Amino acid sequence: MAASILVVDDEPGIRTGVREILALEGYDVEAADCGRAALDLIDGGNAYDVFLIDYRLPDIDGLTLLQSIQRKAPDAMTCMITAYANIETAVFATRQGVDVFLPKPFTPDDLVGTVENLLGYKKLRDEASALRAAHEASLLELASEKSQTHSLVSSLRDGVLVANRQGEIALANRAMEELLGAEADSLLGRQASVALADGVLAPALASLAPDNPAPGVFEVEVDAASGRQAGDAEPRRLFIKVNGFYDDKGARLGSILTAVDISAVRRMAMEKARFTRTLVHELRAPLGALKSIIEVMQDRSLGDSLEPYAKSLARANERIDGLGELISDLLSLSSIEHKGTDQTPAAPLDVAPAIRETVDLWKDRAAAVPVALEVDLQEGLPPCAIADDDLRTILTNLVGNAVKYNRAGGKVAVSARRTPEGIALAVRDTGIGIAAENVARLGEEFFREKKPETKRIEGNGLGLAIVKRLVGHAGGRLEISSRAGEGSEFRVILPC
Amino acid sequence: MGVTDAKKLLFIDDDQDFLEAQEAFFGARGFVVLTAGGTDEALRLLESETPDMIFIDLMMEHFDSGFTLAHRLRREARFQGTPLVMLSGVAAETGKDFSRDKEGLRSWSQLDDFVDKPASAQRLLKIVERRLAAPGRG
């Protein structure tokens with residue numbers, strides 16, 4: 001596209017001459033005979049690359065017009081034409097921001113040369129300003145990226161520490177400050193291995209040294225005092241990784257250390273290991289007993305008649321039943337774990353039939369002890385949001401315990417009452433009771449009170465763990481009150 | 001083996017059925033079989049009894065009850081030469097820390113044998129025969 005030029009001169013000869021000369025060069029040329037006319041053209045939406053302005057105009061003086069033009073068309077080039085060429089005018093006009101000064105009289109070559117120079121200069125200037133704009137835009141982008149990255153890194157819950165090529169600390173986020181118990185400001189610029197030479201993190205920090213390019217993995221325990229949560233008495237277990245980071249060409253820029261708190265994961269793993277260990281023991285014990293009972297029979301240790309073995313055979317049968325129960329309980333626990341996140345409330349259930357039928361299942365066992373089984377259900381109990389199977393599992397465990405841990409001639413009373421919260425189910429026994437210090441541990445997996453009275457009672461310590469979880473799943477709670485030697489009461493409060 | 005020189009075996013285990021089976025099995029072979037259902041009961045019994053050999057279940061009240069008991073008995077002059085046998089699936093029941101240092105534990109508790117559970121009575125009998133035939137510990 002041809003460059004457009006506006007000539008502003010009150011002399012018609014100049015206007016005509018300039019137009020003709022520049023038109024021959026292929027420029028689009030317009031003319032204005034006064035300052036006002038020139039501004040009207042600009043305001044009318046015309047754009048020009050070059051303004052040729054006479055210093056002396058009838059309405060507005062050339063310098064005032066120049067300033068207006070610079071405001072309205074800041075990218076345009078300006079040339080001042082004047083017959084009164086002298087140094088002062090030139091210097092003054094230049095100071096006002098005119099790009100070039102063209103003294104009258106000028107030759108067509110002077111004019112064409114001046115315009116060409118101006119356009120060349122304009123092109124350079126436009127390119128430079130485009131570059132500058134791009135550069136500024138990218139700087140702005142960088143600045144915002146940098147601040148985003150910074151806030152991202154600093155709000156990470158994992159500790160991050162960055163060391164530069166020289167092994168000096170370049171960044172430590174908030175989590176890291178807490179872990180180290182030091183402000184990042186006091187660390188920046190210092191050698192990591194020197195600034196933090198003490199403490200359990202020292203080996204990990206030493207690996208940030210520039211002469212140690214090997215990535216490292218560390219697991220350390222830190223004092224709870226530097227923990228994020230107040231009152232967290234357990235030491236925290238940290239998993240620390242140190243890696244070098246590199247530029248596009250593979251040159252090492254520094255190292256980054258990340259510290260992840262794995263205390264919770266570790267705690268879970270340890271709980272799981274303890275569970276497995278206990279389970280192995282619980283499975284091995286009856287197997288060991290069964291094996292030795294069988295061996296005694298194979299050995300005929302007690303003679304050839306079956307009679308002397310009758311008692312241990314009955315025990316063998318009980319141990320096998322115990323194993324069967326253990327397996328069922330493990331399956332129950334596992335299925336409760338699976339529905340742990342399922343929050344769908346169960347359909348409302350009329351609890352009375354489930355209670356009566358479950359208690360009924362224990363009739364024979366109760367008669368064998370013997371203990372009296374009593375059921376007392378209030379009339380018009382509201383329906384409860386609990387699965388039928390879950391309620392039966394809860395009850396069979398509680399009633400079963402009440403029968404098993406009872407004394408001959410004792411009593412088991414099962415009752416259900418309406419309460420402001422919903423339904424209170426109670427199973428009360430006249431059994432051996434539980435020592436006060438052990439009540440809180442009931443419901444812990446595999447926990448059984450070890451005392452002479454419980455020795456021959458089959459049980460695996462999972463029943464109450466299951467009850468506790470099922471009650472919790474139904475949104476209720478389990479209350480236990482007990483007196484050693486007198487009996488216990490287990491209350492299940494279910495919301496309705 | 002006559003009645004007068006009948007050897008006394010003590011089984012310490014929290015499983016009553018296991019203890020009763022050992023009574024029958026070793027009793028049939030002329031041994032005097034003593035049993036204890038736990039650490040405390042064993043210590044009470046040992047106040048008046050000095051068995052020729054002691055079998056200890058590792059996991060009773062605690063995961064390492066057996067080790068603690070063995071260590072304690074070995075420090076008593078009376079049991080310096082008594083063969084002590086630990087019954088347990090050591091690795092599985094105590095976790096990696098114990099199994100990694102089985103030798104260290106053996107020297108700490110000065111145990112003579114480890115037997116995995118479930119233990120065979122025939123296997124225990126072989127250990128009894130070997131240990132009681134061997135000259136006493138120095």
Side-chain angles (χ1 to χ4, degrees), chain A residues 269-305 307-323 438 446-458 460-461, chain B residues 9 11-31 33 35-41 44 55-66 86-100 115-126:
Chain A
M270 279 171 70
E271 271 165 30
K272 196 168 173 239
R274 193 171 54 216
F275 182 88
T276 308
R277 232 159 42 212
T278 316
L279 179 58
V280 166
H281 182 261
E282 293 296 316
L283 288 168
R284 275 218 174 113
L287 283 183
L290 289 168
K291 190 176 174 65
S292 46
I293 288 169
I294 290 168
E295 276 186 309
V296 166
M297 289 192 76
Q298 283 177 326
D299 187 54
R300 293 178 159 72
S301 304
L302 302 175
D304 288 336
S305 144
E307 207 48 47
Y309 305 98
K311 194 180 146 236
S312 57
L313 280 176
R315 282 295 301 159
N317 227 343
E318 283 171 32
R319 298 303 290 261
I320 289 169
D321 289 345
L323 271 173
N438 285 329
F446 294 117
F447 175 75
R448 289 192 76 205
E449 210 181 14
K450 282 191 176 165
K451 51 186 180 185
E453 299 97 301
T454 61
K455 203 146 206 175
R456 298 305 289 258
I457 300 172
E458 274 306 308
N460 53 36
Chain B
L9 307 177
F11 289 88
I12 310 167
D13 198 300
D14 61 356
D15 195 307
Q16 196 61 34
D17 295 327
F18 174 79
L19 293 179
E20 281 173 17
Q22 307 317 313
E23 275 173 354
F25 187 87
F26 286 95
R29 283 164 176 75
F31 291 96
V33 182
T35 61
T39 306
D40 292 342
E41 201 183 328
R44 267 199 307 278
F55 290 88
I56 308 173
D57 180 26
L58 170 61
M59 192 167 156
M60 292 181 289
E61 300 85 0
H62 301 287
F63 282 108
D64 56 353
S65 301
M86 185 67 64
L87 292 177
S88 164
V90 175
E93 289 186 0
T94 61
K96 58 180 181 174
D97 291 336
F98 276 155
S99 66
R100 196 189 294 160
V115 179
D116 279 341
K117 279 184 126 182
S120 140
Q122 296 292 349
R123 167 98 203 276
L124 297 183
L125 178 63
K126 283 205 174 69

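Just so we're on the same page: letters track the sequence lines, and every chain starts at 1. From a predicted model like this one, the values you see are computed outputs, not experimental measurements.
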### Message
Which atoms of A119(B) are under 4.5 Å from chain A, going by heavy atoms: the side chain, the backbone, both sets, or neither?
### Response
backbone
### Message
Does this structure show an ion pair linking R315(A) with E318(A), if we count only N-O contacts that are shorter than 4.0 Å?
### Response
yes
### Query
Does anything in residues 291-302 of chain A get under 4.5 Å of chain B by heavy atoms, and if so which residues?
K291(A), S292(A), I293(A), E295(A), V296(A), D299(A), S301(A), L302(A)
### Task
Could you give me the CA-CA distance, side-chain angles and deciding distance for L87(B) and L124(B), then say whether side-chain contact (heavy atoms from CB on, under 4.5 Å) is met?
CA-CA 10 Å; L87(B) 292 177; L124(B) 297 183; 3.7 Å; yes
### Query
Less than 6.0 Å separating the ring centroids of F25(B) and F31(B)?
no
## Note on the structure
Per side chain to side chain contact (heavy atoms under 4.5 Å, CB included), D57(B) is matched among D13(B), L19(B), D15(B), I12(B) by D13(B)
### Interface residue of largest heavy-atom contact number with chain A, from A28(B), G37(B), S120(B), under 4.5 Å
S120(B)
### Message
Quick check on A285(A) against chain B: is it the side chain, the backbone, both or neither that has a heavy atom closer than 4.5 Å?
### Response
both
### Query
Does the side-chain hydrogen bond (donor to acceptor under 3.5 Å, both in side chains) test come out yes or no for N438(A) and E449(A), once each step is laid out?
CA-CA 7 Å; N438(A) 285 329; E449(A) 210 181 14; 3.1 Å; yes
### Query
Going from CG on L287(A) to CZ on R284(A), what distance comes out if it is rounded to the nearest 0.5 angstrom?
9.0 Å
### Query
side-chain contact (heavy atoms from CB on, under 4.5 Å) between K117(B) and L58(B): does it pass, once the steps are laid out?
CA-CA 10 Å; K117(B) 279 184 126 182; L58(B) 170 61; over 6 Å; no
